[in-house]
Structures are given as structure tokens and as C-alpha cells.
Amino acid sequence: MSTPQIVTRFAPSPTGYLHIGGGRTALFNWLYARGRGGKFLLRIEDTDRERSTPEATAAILRGLTWLGLDWDGEVVSQFERKDRHAEVAHQMLARGTAYKCFASKEDIDAFRTAEEAAGRYPLFLSPWRDADPATYPDLPYVIRMKAPRLGETVIEDKVQGKVTFQNDQLDDMIVLRSDLTPTYMLAVVVDDHDMGVTHVIRGDDHLANAARQTMVYQAMGWDVPVWAHIPLIHGPDGKKLSKRHGALGVEEYQAMGYPAAGMRNYLTRLGWAKGDAEIFTSHEAQSMFDLDGIGRAPARLDFKKMENTCGHHMAMAQDAALLHELQAYLAVTGKPVLTQAQRDLLMRGMYCLKDRAKTFPELLDKAAFALASRPIQPEAAAAAFLDDVSRGILQSLTLQLQNVTWNKDNLEAILTKAATTADIGFGKLASPLRAALAGRTATPSVYDIMLVLGRDETLARLGDTCR
RNA sequence: GGUCCGUUCGUCUAUCGGUUAGGACACCUGGUUUUCAACCAGGUAAGAGGGGUUCGACUCCCCUACGGACUGCCA
């Protein structure tokens, strides 16, 4: 007996950017499928023609791509499958698991308002459920599912456990609208079934929907997928994530300069855990990820931890990959592109820059000493180290650096000797040197500065200072 | 209102009836250091409240409080 292939999917509505919570949902689906040799599919739920836009679809694809979540096959447009949905609706009709309902929207609204006013649960029960087709009027109609009135529908959820819904709480939902377009409730089920989706991992705002969708599966005699309804992400204050919490869209995190690998790691750990694992590669995440590890309570976004995680990934990354992602960051934020010389400088200095930065803006800031052009304009705090005595010491140091072979050991020997000769502590030498070479007080070590800058630039900057 | 879900350090979480309740981030103290970051050592800090069940409950059950989702010819 072979294990059927795992198929997961991410199915966003194209009504805006890719929400950070949606990004995590996609990530969970991706991890689960990728870690098990399965497929991860992407479907755009664009049946709401009023709110769906191609721009939003493009933004979602960009967000997923940035996060590094690749999907299998073509992106499926739900809207384009509307004929298939209608076909299934009519099959339900033929099977007797659905019926035509001629009640007008106005009648239903009036009914609901009245029921609510009377303090009752406004469950609309269509009078057409068991009507004789011979009595059907010549009016527009919708197709409603003939949902079971008695008993209960049980969801076996991998995250929420067994959740039971009383069938008398659920109405006969509309599956095909009067304009013959499908509703979400029908479309998801048909699409998930046709696409062979085996595991539905989505936000727990869909938990109740799972009950109704189960009825559609049953009405069609199809296998119900494995459910996993994950809690939504909340803001730092524990409230539902909203604009006042700051960034909502995945692309905003890219624009803030967070590395994608770090975001994947952070988002994976947000609401999921495997023992004490904290920092891991995506490959490791794929093999560790499971549905059991998903928590049941909503998790809050913690920017500090996110930055810390990103910092680890910055340090772990390959130099060339970091430079590449840095350039992508510059591009999306509309910042000037790097020159070849700057790229060379960054590649040369990456080894001492990447473990000091958590984000790309920080990386750029740490690299400022290398990217700066002569003459260096020292910040006030740095300039304070450049008094006449210091300049004198730097001047004699300059002479000793003229002909030395440019490597760390030699530089170390010379600087140590210079400090001894001048009878000062190393700090008294390093601070002015740092000020002269970088114009700042916080930089990589003076050796690293000199190594990254190279002899010519180092001597030139010293010359500028001592002139 | 009804239905459903949730609640362990400030935050993310481990624990799956018996632990000095562990780890990570953040924070504090000390160390290291040419600055910053990093790093090392240590510290503060938690089972929402109340009832049960049990020899024993963070873990199982009930109630309360608080938070959330759903309750559309939206998805």
C-alpha cells in the first residue's frame, strides 16, 4: 500500500497585498508539502469580481516569491473554473443534495431582520427545500445545498482536535448564485477536490466553514481532506493584527530590509515549535515541520525576536547571496544601485559586516565606512579623537604602512608596535585611526577596516587626515 | 444574542498526570574587548480565577473571567 502524495495549497483572495498572516499560512503549507515530497499549489480565489484585482494577484505572487515559497504548476484562477463549479452544483441538484430556491434577497433580509428583532437565531430555512418542481415559478433562483437538518457534523482537525457542529445551527447555504456564479463555499470544495488537495491548512477563521464544506464533500461523495486550522497572528498587544500595528503586508517587511530566510525562520516558529529548535534553515524546517507542533492560541508578532532571528540568518548567509539580496532590497526601495566598485568592496568586507547586521539597512550602515568616498568627513564624536597628538602618531604610522605586505598579521604587528612606541594603550591608537579611516566611532575592527579598504585607500585616507 | 475556539515567564514556546516547570527573544548584572555588534557567565520572570476527578494536576472534567472566530447571493 503506497502513501498517497501530499498536496497542499494556498488560496488567497486577490483583494490587496499578501498579508503577513497569509504569508505564514502559505509557509506552513509549503513546509508541509516540501518536507514530504508533496506538492504545494497556488489558487487565486477571485470569484468576487467586485473586489478582485490583477494588481493584488501580482502583489501576492511577488510576496510569495520574495519569501521563497515556490509553488507547483500553474496558478489556478478560481474564477476561470466557474463553469465547472456550476456543473457540480447541477450534479448536486441531480443527486438530490441541492435544490432551487426562489426566495428573493429582500425576503431573506426581511426574515433575518425580523428574527433578530425577536431575539431568535436568524437561520433562514427555505420554503423551497422540499417543493415540488411542478410548482416552481418563472423567477431567478439560487441553488442551495440540502444540508442535513438533524445530527451533527464532526471536523477532525489536526490543530483544533475534534470539533462538533450541530447541524441545526447550519442553514442550507447557497452554492450557486442567481447569476449562476458559484459561491466560495462551493468553489473551494470543487477546486480542492479537482486539484487533489489532501491537506487543507488555513486560518482558523475558516473552522466553521469546514463543517459546511464537509457537507459539500459528502453531498458529492468525495473524500474529505485533512483539516488543519491554524490560529491567526495577532499584534504585539494581542489584538487582531491591524494597520495601527504597522506593517501588515509581506512586501513591507522586504522594504524594511529583513532577509527572507530570517523571516521564514521567524514565521515558522511563530505558532509552531519542535522542542527547543529556534534557528534553522528552510531545509531543516521542512524536515522538522509537522501539524502536531502547531499551537492552538494566536501568536503575537514580536519585532525584537524577528530581528534577532534575521540577524542569525544574515550571519549564516553566503556572501554572494547576501549581496544579491541586498541589491534586490535597494531595487524595491528605489535606492541607488551599487556600482561595480561598491559591489567589490562589499564582497571584500562581507565577512566582517554580515555578523553585525540584522537587516539590510543595518548592513549598509555598517558598510558605510567602505562605501564612503574621500575625503572622509568625521562625525563629531569621531573628530574628537583627532587632536594634534593623534595626528602625529597617525603620521608616523602612515610611514610604516607604506611598504608592508597587506595582511592581518603584519598590520597587527605594526599597530601594536606603534602603540608601544608612542607609549599609549591600543585603544588610544585605534580610536583616532578608526576616526581617520571611517569617520565614525562604531565600526568593524581597525584591521578589518584596513583590509577591506586596501593599502591605497587606507594610506590616502590617512593622508587626508594628517595633511 | 447563538455556535465554536483559545488562555504556561513581558513575548514565542517545551511539558503530552509525578520536573527545582526547560529553551529562545527582550530585560538586568558581571566578564571579555581597539569602538559597535557579537561572545561568555549569571540573574529577574509563568501555569487567568474558582470548583472537581486523582495518592498526585499546568496537563483530565465543569463553571467564571478575558480574548478570538463564525453567524452574507464576501472570501
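Letters A, B, ... are given to chains in the order of the sequence lines, protein chains preceding strands, and every chain is numbered from 1.
Per the geometry, CZ belonging to A:Arg212 stands 13 Å off C1' belonging to B:C4, to the nearest Å. Here B:G23 presents its P atom at 8 Å from CG of A:Asp276, a figure rounded to the nearest Å. A:His234 places its NE2 atom 14 Å from the P atom of B:U11, with the value rounded to the nearest Å. Here the P atom of nucleotide B:A69 and the CD1 atom of A:Ile233 are 14 Å apart, to the nearest Å. Protein atom NZ of A:Lys304 is 8 Å distant from nucleotide atom P of B:A26, rounded to whole Å. The CG-P distance, from A:Leu270 to B:A24, rounds to 19 Å in whole Å. The nearest whole Å value for the distance from the CD atom in A:Glu278 to the C1' atom in B:U13 is 7 Å. When the P atom of B:G2 is taken as reference, atom CG of A:Asp171 falls 19 Å away, rounded to whole Å.
On a pure distance criterion of 3.5 Å, a polar donor-acceptor pair joins the side chain of A:Ser178 and the base of B:C73. For B:U34, its base sits under 3.5 Å from the side chain of A:Arg434 at one donor and acceptor pair at least. The base of B:A26 lies outside donor-acceptor range of the side chain of A:Lys305, with no N or O pair under 3.5 Å. Looking at A:Arg269, its side chain comes within 3.5 Å of the base of B:C12 through a donor and an acceptor atom. Scanning atom types as modelled, no donor and acceptor separated by under 3.5 angstrom connect the side chain of A:Asn308 and the base of B:A26.
B:U33 sits 36 Å from B:A46 when the P atoms are compared, rounded to a whole Å. Only the P atoms considered, B:C62 is 34 Å distant from B:A45, to the nearest whole Å.
Distances shorter than 4.0 Å separate some side-chain N or O of A:Arg112 from OP1 or OP2 on B:C73. Proximity of A:Lys240 to the phosphate of B:A69: a side-chain N or O atom is located under 4.0 Å from OP1 or OP2.
Counting only N and O atoms by type, the side chains of A:His85 and A:Asp191 include a donor and acceptor under 3.5 Å apart. At a cut-off of 3.5 Å, with distance as the only test, a side-chain donor of A:Asp448 or A:Tyr351 sits close to an acceptor on the other residue. A donor-acceptor pair shorter than 3.5 Å cannot be found between the side chains of A:Tyr258 and A:His313. Residues A:Thr268 and A:Asn265 have side chains that never bring a donor and an acceptor to within less than 3.5 angstrom of each other.
No engagement by A:Thr181 is indicated, since no non-hydrogen atom pair under 4.0 Å with the nucleic acid exists. Residue A:Tyr266 is out of contact with every strand shown, counting any heavy-atom pair closer than 4.0 Å. As judged by a 4.0 angstrom heavy-atom cut-off over every strand, A:Ala103 is placed among the base-contacting residues. At a threshold of 4.0 angstrom between heavy atoms, the contacts of A:Pro12 with the nucleic acid are absent.
The side chain of A:Asp302 sits closest to B:U11 out of B:U11, B:G6, B:A37.
Taking for each of A:Val446 and A:Gly275 the nucleotide of RNA chain B with the nearest heavy atom, the 5'-most of the two is the partner of A:Gly275. Comparing A:Gln169 and A:Arg24, the nucleotide of RNA chain B nearest to each residue sits closer to the 5' end for A:Gln169.
Although no hydrogens or angles enter the test, the distance criterion places no donor-acceptor pair under 3.5 Å between the side chain of A:Trp30 and the main chain of A:Arg24.
A salt bridge links A:Arg43 with A:Asp192; the closest basic N to acidic carboxylate O contact falls under 4.0 Å. Between A:Lys162 and A:Asp157 there is no salt bridge, since no side-chain N of the basic residue sits under 4.0 Å from a carboxylate O of the acidic one.
Non-hydrogen atoms lying under 4.0 Å from RNA chain B are contributed by A:Val142, all within residues 139-146 of chain A.
A perpendicular orientation is assigned to the rings of A:Tyr32 and A:Phe289, their planes being inclined by more than 60° (bins at 30° and 60°).
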